There are 2 protein chains.
Amino acid sequence: MSLRHAVLGLLAQGPASGYDLRKTFDASLSNVWPATQSQLYGELGKLADAGQVTVAAEGPRGRKEYAITDAGMAELRHWLTEVEPERVRRSDMLLRVFFLGVLDPEDAQGYLRRQVQAVTAQHERFRALADVVDEGDDSLSVYGRIALEWGLRFTETQREWARWAQERIAREATAAKG
Amino acid sequence: MSLRHAVLGLLAQGPASGYDLRKTFDASLSNVWPATQSQLYGELGKLADAGQVTVAAEGPRGRKEYAITDAGMAELRHWLTEVEPERVRRSDMLLRVFFLGVLDPEDAQGYLRRQVQAVTAQHERFRALADVVDEGDDSLSVYGRIALEWGLRFTETQREWARWAQERIAREATAAKG
DNA sequence: GTACCCATGTAATCAGTTACATGATTCC
DNA sequence: GGAATCATGTAACTGATTACATGGGTAC
């Protein structure tokens with residue numbers, strides 16, 4: 001049910017069309033909540049039916065500009081302050097870790113080595129993004145920067161963990177041989 | 001498509017029934033890949049149709065014990081070594097952060113304070129789990145412990161981040177007033 | 001006039017959740 | 001005999017992904 005709130009949150013910053021929202025999603029929200037074009041248009045329709053957004057203006061090429069209503073703002077605030085975030089997060093990266101025992105130790109270490117590389121690359125992408133976001137002073141930039149800081153710290157932690165895990169498996173393998 | 005591989009991974013440790021798998025999921029895999037009973041039985045049926053598992057034995061009460069086949073092991077190894085894990089992870093906790101600007105600073109800080117509490121509680125649960133897992137010496141315990149270490153480090157990082165974010169918002173609010 | 005971007009929508013499919021439905025066996 | 005546990009399955013619904021389909025406006 002979070003896509004609905006993501007849309008409300010973006011419309012709380014100002015009116016926008018489905019097309020505008022898609023670009024904002026791709027640019028800033030895609031790291032925490034990806035959404036496809038068809039999902040967005042569908043959700044806007046449902047929100048309009050529920051009275052949480054309205055078509056504020058129509059433009060060329062059938063463009064519909066949506067605005068959040070009072071009911072929509074109330075729902076957004078409710079979600080922000082009263083609804084507890086999901087604590088379980090699916091991770092197929094960690095799921096694989098449970099089963100590394102079916103590989104020989106070299107391949108298990110290879111898996112973790114690739115994770116170090118991948119997460120390092122992602123850290124660099126976040127770093128580059130931070131430079132851009134630091135320019136902005138709108139609400140989405142200010143709080144987007146805080147979310148991005150999470151990404152920077154998270155990728156750093158994950159890199160250290162993957163290195164630690166690699167070593168632990170190496171020691172495990174040596175102990176088994178000797 | 002990861003549930004399929006989670007099931008293969010568990011059956012790689014030894015034969016089991018759908019009922020057994022459900023218990024193992026609840027006990028160890030639920031933190032990285034939750035699955036419901038109905039999903040499990042459905043997936044076992046599909047895997048059997050695909051020839052990646054077989055019914056190795058039947059027991060009382062209609063119990064079917066499944067075993068992984070060579071084709072299933074090949075698929076599992078392929079998934080572990082060749083398929084890149086998803087890098088995007090949905091987080092409604094972080095999604096909310098983007099929109100904290102619609103709240104007044106006190107409520108925004110309240111949100112982050114609650115996250116500190118929630119993640120601290122989860123850290124403690126992981127710590128308790130670690131004591132239990134450290135006892136086991138089977139493959140799932142050894143690698144499960146490595147996954148758990150990720151959880152311990154991740155929750156620690158998240159707690160520090162949430163504290164930092166709280167302070168940053170406090171400073172932001174003071175600067176806006178002054 | 002043609003290529004590119006703006007702009008919206010539908011259909012099919014898949015994964016995951018919740019609820020329902022049923023019955024056998026074991027323990028006391 | 002009754003409760004708890006073992007054990008499997010189906011149905012309805014929701015959310016997300018992929019692909020398809022269409023057409024208007026703008027810049028050159």
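This one's a predicted model, so the numbers in the text were calculated from it and none came from an experiment. The sequence lines fix the lettering, A, B, ..., with proteins before strands; numbering per chain opens at 1. The analysis underlying the following values was restricted to heavy atoms, covering all of them including side chains, and did not include hydrogens, waters or symmetry mates.
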Rounded off to whole Å, could you give me the [atom1]-to-[atom2] distance for the [X] and [N] pair?
X	N	atom1	atom2	answer
A/L21	C/dA7	CG	P	12 Å
B/M1	C/dA15	CE	P	6 Å
B/F25	C/dA15	CZ	C1'	13 Å
A/K64	C/dC6	NZ	P	19 Å
B/H5	C/dA15	NE2	C1'	14 Å
A/R22	C/dA7	CZ	P	11 Å
A/E86	C/dT17	CD	C1'	11 Å
A/L40	C/dT10	CG	C1'	15 Å

Base, sugar-phosphate or nothing for B/S17? Non-hydrogen atoms, less than 4.0 Å.
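Sugar-phosphate, backbone atoms only, no base.
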Look at all strands and tell whether A/R90 reaches a base, only sugar-phosphate, or nothing, counting heavy atoms closer than 4.0 Å.
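Sugar-phosphate, no base atom in range.
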Name the closest nucleotide to the [X] side chain, picking from [options].
X	options	result
A/K46	C/dC6, D/dG15, C/dT25	D/dG15
A/W33	D/dA16, D/dG25, D/dT8	D/dA16
A/S38	C/dT26, D/dT8, D/dT17	D/dT17
A/D20	C/dA7, D/dG15, D/dT5	C/dA7
B/Y19	D/dC6, C/dC5, D/dG9	D/dC6
B/Q37	D/dG25, C/dT8, D/dT10	D/dT10

Answer whether the closest heavy-atom distance between the side chains of B/T24 and B/L140 falls below 4.5 Å.
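B/T24 reaches B/L140 side chain to side chain.
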Under 4.5 Å between side-chain heavy atoms, counting indirect links through other Ile/Leu/Val/Met/Phe/Trp/Tyr residues: same cluster for B/L8 and A/L103 or not?
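Yes; tracing contacts between hydrophobic side chains, which count when under 4.5 Å, links both residues.
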Do any side-chain nitrogens or oxygens of [X] fall under 4.0 Å of OP1 or OP2 in [N]?
X	N	value
B/K23	D/dA7	no
B/Y41	D/dT8	yes
A/R63	C/dA7	yes
B/Q39	C/dT17	yes

How about CZ on B/R127, more than 12 heavy atoms from neighbouring residues, nucleotides or ligands closer than 6.0 Å, or not?
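At most 12 heavy atoms, drawn from other residues, nucleotides or ligands, come within 6.0 Å of this atom.
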For B/E167, does the CD atom have more than 12 heavy-atom neighbours from other residues, nucleotides or ligands under 6.0 Å away?
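No, because the 6.0 Å sphere around CD of B/E167 holds 12 heavy atoms or fewer from other groups.
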Quick check: on DNA chain D, is the nucleotide nearest A/E43 upstream (toward 5') of the one nearest B/E65, or the reverse? Name the residue that is more 5'.
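Nearest nucleotide further toward 5': that of B/E65.
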Which comes earlier along DNA chain D counting from the 5' end, the contact point of B/G62 or that of A/R61, where each point is its nearest nucleotide?
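Mapping each residue to its closest nucleotide by heavy atoms, the 5'-most match is B/G62.
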How far apart are the C-alpha atoms of A/D92 and A/R96, what are their side-chain angles, what is the distance that settles it, and do they pass the salt bridge (Lys or Arg N to Asp or Glu O under 4.0 Å) test?
CA-CA 6 Å; A/D92 64 330; A/R96 282 175 176 82; 3.1 Å; yes
Output yes when a side-chain donor or acceptor of A/Y66 lies under 3.5 Å from a complementary backbone atom of A/G45, and no otherwise.
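No, the answer is negative, given that no donor and acceptor are paired below the 3.5 Å cut-off.
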